Amino acid sequence: MNSPYQPLPTFDEVLLCTPQTTAEQVGLFLRRCLIPCGGGEKIYTMLYADELSYDVSCRAEELFQHLQHCNSTYRLVILCNCEREHSYIPSVFSQYKVHMIPQRQLAEIQHYLQHHYRVAQPSSSAASVFKDNMCVGIVSSKRAGVGK
């Protein structure tokens with residue numbers, strides 16, 4: 001986010017973890033991250049790794065321990081919910097833990113995201129549904145099941 005022209009992460013750089021994420025999915029992601037293949041200076045990110053099941057977490061740790069020796073310059077960020085810091089993955093990697101506070105103002109972050117998610121040529125696409133011709137939007141409600 002140092003420049004508004006830096007690209008957003010690509011699909012292969014991010015793994016959004018859920019309790020249904022399989023060991024195979026995590027394994028493929030870790031292989032992309034830890035096996036050097038001339039992919040450039042990518043930063044790989046596992047989001048909500050604390051949501052992984054115990055079995056998947058154990059297999060992920062084993063694979064990580066096995067593969068980390070293949071590449072000494074890997075760039076991996078694991079984001080977890082601080083309320084679940086005692087689950088398996090946050091515990092295993094606790095020696096590397098860094099409590100993060102966003103370093104940018106909310107307005108700067110919003111402007112950066114607007115730059116990347118704005119539809120260049122407004123048309124009769126789904127993007128016209130969202131404010132300011134954005135191609136993404138967040139719909140939320142404090143009440144469950146109200147047809148979002």
Side-chain angles (χ1 to χ4, degrees), residues 1-37 39-119 126-127 129-148:
M1 221 182 94
N2 292 330
S3 162
Y5 302 104
Q6 281 183 302
L8 291 169
T10 58
F11 71 93
D12 65 327
E13 294 175 86
V14 179
L15 178 64
L16 179 60
C17 300
T18 68
Q20 291 75 35
T21 302
T22 65
E24 181 181 10
Q25 291 169 315
V26 176
L28 290 171
F29 178 79
L30 288 174
R31 282 180 178 84
R32 278 197 302 267
C33 173
L34 297 171
I35 296 175
C37 62
E41 297 288 321
K42 292 184 176 188
I43 300 173
Y44 293 88
T45 306
M46 287 179 69
L47 297 170
Y48 303 116
D50 53 294
E51 295 280 333
L52 294 172
S53 71
Y54 181 80
D55 291 337
V56 172
S57 297
C58 289
R59 291 178 64 188
E61 180 203 6
E62 289 172 11
L63 183 61
F64 177 83
Q65 297 298 339
H66 177 72
L67 292 177
Q68 74 173 349
H69 305 292
C70 296
N71 183 1
S72 61
T73 61
Y74 65 89
R75 294 162 52 162
L76 175 63
V77 177
I78 301 173
L79 297 175
C80 299
N81 183 340
C82 65
E83 294 174 4
R84 295 179 42 96
E85 67 182 335
H86 298 294
S87 59
Y88 193 87
I89 292 290
S91 296
V92 167
F93 293 97
S94 63
Q95 66 196 30
Y96 306 107
K97 181 173 24 177
V98 176
H99 289 280
M100 282 295 300
I101 298 173
Q103 299 297 309
R104 304 285 184 173
Q105 298 296 321
L106 178 60
E108 283 183 78
I109 295 169
Q110 288 173 334
H111 179 66
Y112 174 80
L113 293 173
Q114 286 174 351
H115 173 77
H116 287 284
Y117 287 120
R118 187 177 316 274
V119 175
V129 174
F130 297 109
K131 181 180 175 184
D132 298 326
N133 294 320
M134 294 291 127
C135 63
V136 297
I138 297 174
V139 179
S140 66
S141 173
K142 294 183 191 269
R143 294 178 34 210
V146 291
K148 294 182 287 299

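Since the structure is predicted, the reported quantities are computational estimates derived from the model, not experimental observations.
With rounding to the nearest 0.5 angstrom, the OG1 atom of Thr45 is 6.5 Å from the CZ atom of Phe29. In this structure, the separation between SG on Cys80 and CE on Met46 is 8.0 Å, given to the nearest 0.5 Å. One finds the CG atom of Leu79 at 10.5 Å from the CG atom of Leu16 (value rounded to the nearest 0.5 Å). The CG atom of Leu15 sits 9.5 Å away from the CG atom of Leu28 when rounded to the nearest 0.5 Å. His111 contributes atom NE2, which lies 13.5 Å from atom CG of Leu106 (distance to the nearest 0.5 angstrom). Taking CD1 of Ile89 as the start and CZ of Phe64 as the end, the distance is 9.5 Å to the nearest 0.5 Å.
Residue Phe93 places its CZ atom among more than 12 non-hydrogen atoms of other residues, nucleotides or ligands, all under 6.0 Å distant. Counting heavy-atom neighbours within 6.0 Å of Arg59 CZ, excluding the residue itself, gives a total of 12 or less. Atom CD of Glu83 has 12 or fewer neighbouring heavy atoms from other residues, nucleotides or ligands inside a 6.0 Å radius.
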Quiz item: Under the side chain to side chain contact (heavy atoms under 4.5 Å, CB included) criterion, do Glu61 and Tyr88 qualify, and how do the steps go?
Solution: CA-CA 9 Å; Glu61 180 203 6; Tyr88 193 87; 2.4 Å; yes
Quiz item: His66 and Leu34: side chain to side chain contact (heavy atoms under 4.5 Å, CB included), yes or no, with the steps?
Solution: CA-CA 10 Å; His66 177 72; Leu34 297 171; over 6 Å; no
Quiz item: Does the pair Glu51 and Asn81 meet the rule for a side chain to side chain contact (heavy atoms under 4.5 Å, CB included), with working shown?
Solution: CA-CA 9 Å; Glu51 295 280 333; Asn81 183 340; 5.8 Å; no
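Test Leu67, Asn71, Leu30 against Ile35 for side chain to side chain contact (heavy atoms under 4.5 Å, CB included) and you get one pass: Leu67.
Closest non-hydrogen pair, His86 versus Ser91, comes out as O-OG, 3.4 Å. Contact detail for Lys42 and Arg75: the closest heavy-atom pair is O-CB, 3.6 Å. The shortest non-hydrogen separation linking Ser87 to Asp50 is OG-CB, 3.2 Å. Between Leu63 and Gly27 the shortest heavy-atom distance is CD2-CA, 3.4 Å. Heavy atoms only, all atoms of each residue included: Tyr74 and Cys33 are closest at CB-O, 3.7 Å.
Partners of Glu62 according to the salt bridge (Lys or Arg N to Asp or Glu O under 4.0 Å) rule, which considers only residues two or more places apart in sequence or in another chain, do not exist here. Under the rule for a salt bridge (Lys or Arg N to Asp or Glu O under 4.0 Å), Asp55 has no partner lying at least two apart in sequence or in another chain.
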